[in-house]
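The first residue of the sequence shown is numbered 1, and numbering continues consecutively from there.
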Amino acid sequence: MLERTAAPIPAYHVDAADPQRLRKAIEDLRLGVSRWRLASSLAWLDIRNRYRGSVLGPFWLTLSTGAMLLGLGLLYSALFQMSLREYLPHLAVSLVIWNAISQMVNDATTSLTASEGIIRQLPLPYTVHALRCVMRNGIIAAHNFPLILVIFLVCGHLPGPEALLAIPGFLLIAINSVAVALFLGMVCARFRDIGPIVGSTMQLAFFLTPILWKPRLLGGWEAWMPLNPFYAILETVRGPLVEGGGPPLAWLAAVLYTLATVTIAAVFFVRFRGRVAFWV
């Protein structure tokens with residue numbers, strides 16, 4: 001008499017009584033990171049498609065950023081009564097890093113909805129789409145980094161050994177970018193009104209963050225600047241390259257903000273990851 005064997009449980013089976021959200025979220029992260037080459041290839045494909053038919057491609061951004069640096073440098077150095085040699089290195093690092101952060105945050109709002117077709121047809125980890133968004137913006141931002149070197153050479157600004165501290169600063173930006181891409185990607189997939197709100201918030205943050213101006217111009221209010229998360233994250237790169245390392249309080253605030261961002265994104269990802277396919 002033949003014994004009956006239990007039918008295999010399909011991979012997409014979900015037990016409502018035991019959804020195992022944490023295990024699946026960790027597995028998503030593990031598989032997503034292991035497939036970083038796929039995310040990189042998709043990021044390059046996005047860039048090629050975005051600039052198809054363009055002669056200079058992403059270097060148009062480099063030219064526009066360079067023109068903005070020259071125009072704003074001449075104007076604000078006169079308004080703030082600073083020498084151009086002193087002001088331009090601050091403006092160059094601030095503007096290039098801010099453009100990267102701002103574009104990353106705005107792009108994060110569509111990190112999942114832009115991949116709707118893939119999400120509905122292929123069982124790829126959602127982390128791949130977040131990494132795709134981060135890598136795409138990282139590649140575009142890299143086109144502007146030579147401007148910083150050019151400004152430093154022209155102005156005779158030579159960072160000291162403390163410039164190596166910019167490496168952990170870039171690492172903090174990368175960690176925040178992945179967390180924000182996952183969090184905002186999911187939130188904006190559920191609530192489509194959040195995207196325009198994020199865009200408006202980033203425009204306001206540009207003027208509230210010391211990019212065009214220096215924190216010392218605030219006088220006694222400078223001590224409150226670490227409450228601005230964009231200032232803290234920006235200072236981890238600008239401080240080592242321009243200001244001799246940056247204030248320790250800004251570094252502490254940046255680490256705390258990063259931990260908070262990762263924690264919020266992780267909690268939201270674990271709780272609502274299973275609903276993303278229905279939201280996009």
Side-chain angles (χ1 to χ4, degrees), residues 25 32 39 42-43 46-47 50 58 61 64-65 68 94-119 126-141 144 169-170 172-212 225-238 253-273 275-280:
L42 291 173
D46 290 339
I47 294 175
R50 180 180 300 182
L61 296 176
S64 63
T65 304
M68 185 177 295
S94 301
L95 196 59
V96 169
I97 300 302
W98 172 260
N99 285 343
I101 294 175
S102 178
Q103 183 60 39
M104 177 62 236
V105 172
N106 286 317
D107 217 16
T109 60
T110 59
S111 62
L112 295 180
T113 53
S115 302
E116 174 186 357
I118 298 178
I119 291 175
Y126 297 132
T127 310
V128 169
H129 305 299
L131 290 176
R132 173 186 183 180
C133 177
V134 173
M135 290 181 176
R136 178 174 63 243
N137 286 279
I139 294 170
I140 294 175
N144 288 331
F170 281 116
L172 287 177
I173 293 177
I175 294 174
N176 278 280
S177 297
V178 175
V180 168
L182 280 175
F183 176 67
L184 284 182
M186 296 179 69
V187 172
C188 294
R190 177 62 181 86
F191 303 102
R192 303 302 172 97
D193 295 334
I194 301 296
I197 294 175
V198 171
S200 300
T201 302
M202 294 306 295
Q203 290 180 357
L204 178 61
F206 174 78
F207 295 102
L208 296 180
T209 304
I211 299 168
L212 301 178
M225 282 307 304
L227 294 178
N228 182 345
F230 295 106
Y231 160 79
I233 297 297
L234 178 64
E235 197 66 22
T236 59
V237 176
R238 182 177 61 193
V255 173
L256 293 178
Y257 287 132
T258 301
L259 291 175
T261 304
V262 171
T263 301
I264 293 173
V267 170
F268 200 88
F269 187 62
V270 170
R271 180 64 180 83
F272 298 107
R273 175 189 167 276
R275 304 183 185 181
V276 171
F278 301 98
W279 289 347
V280 294

Asks: Looking only at heavy atoms, what is the nearest atom pair of T109 and N106, with distance?
Replies: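 For T109 versus N106, the nearest heavy atoms are OG1-O, 2.6 Å.
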
Asks: Rounded at 0.5 Å granularity, tell me how far CG in L112 sits from CD1 in I118.
Replies: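 Going from the CG atom of L112 to the CD1 atom of I118 covers 11.0 Å.
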
Asks: Using the salt bridge (Lys or Arg N to Asp or Glu O under 4.0 Å) criterion, which residues pair with D46? Sequence neighbours excluded.
Replies: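 For D46 the salt bridge (Lys or Arg N to Asp or Glu O under 4.0 Å) partners, ignoring immediate neighbours, are R132, R136.
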
Asks: Can you list everything that forms a side-chain hydrogen bond (donor to acceptor under 3.5 Å, both in side chains) with Q103? Sequence neighbours excluded, please.
Replies: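 Counting only residues at least two positions away or on another chain, Q103 forms no side-chain hydrogen bond (donor to acceptor under 3.5 Å, both in side chains).
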
Asks: Search all heavy atoms of G169 against all heavy atoms of T236 and return the closest pair with its distance.
Replies: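 Shortest heavy-atom contact: CA-OG1, 3.5 Å.
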
Asks: Measuring from atom CZ of F207 to atom CG of L212, what distance do you get when rounded to the nearest 0.5 angstrom?
Replies: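 The CG atom of L212 is 7.5 Å from CZ of F207, to the nearest 0.5 Å.
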
Asks: Does N144 reach the main-chain N or O of I140 with its side chain, forming a donor-acceptor pair under 3.5 Å?
Replies: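 Such a contact is absent between N144 side chain and I140 backbone.
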
Asks: Enumerate the residue pairs fulfilling side-chain hydrogen bond (donor to acceptor under 3.5 Å, both in side chains) with a member in residues 196-212, sequence neighbours excluded, ordered by first and then second residue.
Replies: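 Applying side-chain hydrogen bond (donor to acceptor under 3.5 Å, both in side chains) to every pair that reaches into residues 196-212, excluding sequence neighbours, yields T209-N228.
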
Asks: In Å and rounded to the nearest 0.5 Å, what is the OG to CE distance from S111 to M104?
Replies: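 Separation between the atoms: 7.0 Å.
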
Asks: Anything under 3.5 Å between a donor and an acceptor, one on a side chain of residues 180-198, the other on a protein residue two or more places apart or in another chain? List them.
Replies:
from : atom 1 : to   : atom 2 : distance (Å)
R192 : NE     : C188 : O      : 3.4
R192 : NE     : A189 : O      : 3.1
R192 : NH2    : W279 : O      : 2.9

Asks: List the residues meeting side-chain hydrogen bond (donor to acceptor under 3.5 Å, both in side chains) with T65, not counting sequence neighbours, and say none if there are none.
Replies: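 For T65 there are no side-chain hydrogen bond (donor to acceptor under 3.5 Å, both in side chains) partners, ignoring immediate neighbours.
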
Asks: With side chain to side chain contact (heavy atoms under 4.5 Å, CB included) as the criterion, how do L42 and L131 come out once you've worked through the C-alpha distance, each side chain's angles and the decisive distance to 0.1 Å?
Replies: CA-CA 10 Å; L42 291 173; L131 290 176; over 6 Å; no

Asks: Looking at CG of L234 and CH2 of W98, how far apart are the two atoms once the value is rounded to the nearest 0.5 Å?
Replies: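 The distance works out to 8.5 Å.
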
Asks: Let me confirm one number: the CG-CG distance from D107 to N137, rounded to the nearest 0.5 Å.
Replies: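 Spacing of CG (D107) from CG (N137) equals 4.5 Å.
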
Asks: Are any side-chain N or O atoms of S102 and backbone N or O atoms of N99, one a donor and one an acceptor, separated by less than 3.5 Å?
Replies: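 Checking the backbone N and O of N99 against the side chain of S102, no donor-acceptor pair under 3.5 Å is found.
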
Asks: The criterion is side-chain contact (heavy atoms from CB on, under 4.5 Å); which residues satisfy it with P210, sequence neighbours excluded?
Replies: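 For P210 the side-chain contact (heavy atoms from CB on, under 4.5 Å) partners, ignoring immediate neighbours, are W213, P215, M225, Y231, R238.
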
Asks: Would you check if I233 and I97 make a side-chain contact, meaning some heavy-atom pair closer than 4.5 Å?
Replies: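 Not touching, per the 4.5 Å side-chain cut-off.
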
Asks: Hey, could you give me the CD/NE2 distance between E116 and H129, rounded to the nearest 0.5 Å?
Replies: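 Reported to 0.5 Å precision, the distance equals 11.5 Å.
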
Asks: Using every non-hydrogen atom in the two residues, find where V128 and G32 come nearest and quote the distance to one decimal.
Replies: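 For V128 and G32, the tightest heavy-atom pair comes out as CG2-CA, 3.8 Å.
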
Asks: Tell me which donor-acceptor pairs under 3.5 Å the side chains of residues 259-273 have, and how far apart each pair is, sequence neighbours excluded?
Replies:
from : atom 1 : to   : atom 2 : distance (Å)
T261 : OG1    : N176 : OD1    : 3.4
T261 : OG1    : Y257 : O      : 2.8
T263 : OG1    : L259 : O      : 2.7
R273 : NE     : D28  : OD2    : 3.0
R273 : NH2    : D28  : OD2    : 3.4

Asks: Any pair with a residue in residues 255-266 that passes salt bridge (charged side-chain N to carboxylate O under 4.0 Å, His left out), sequence neighbours left out, goes on the list, sorted by first then second residue, please.
Replies: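 Counting only pairs at least two positions apart or across chains, no salt bridge (charged side-chain N to carboxylate O under 4.0 Å, His left out) contact touches residues 255-266.
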
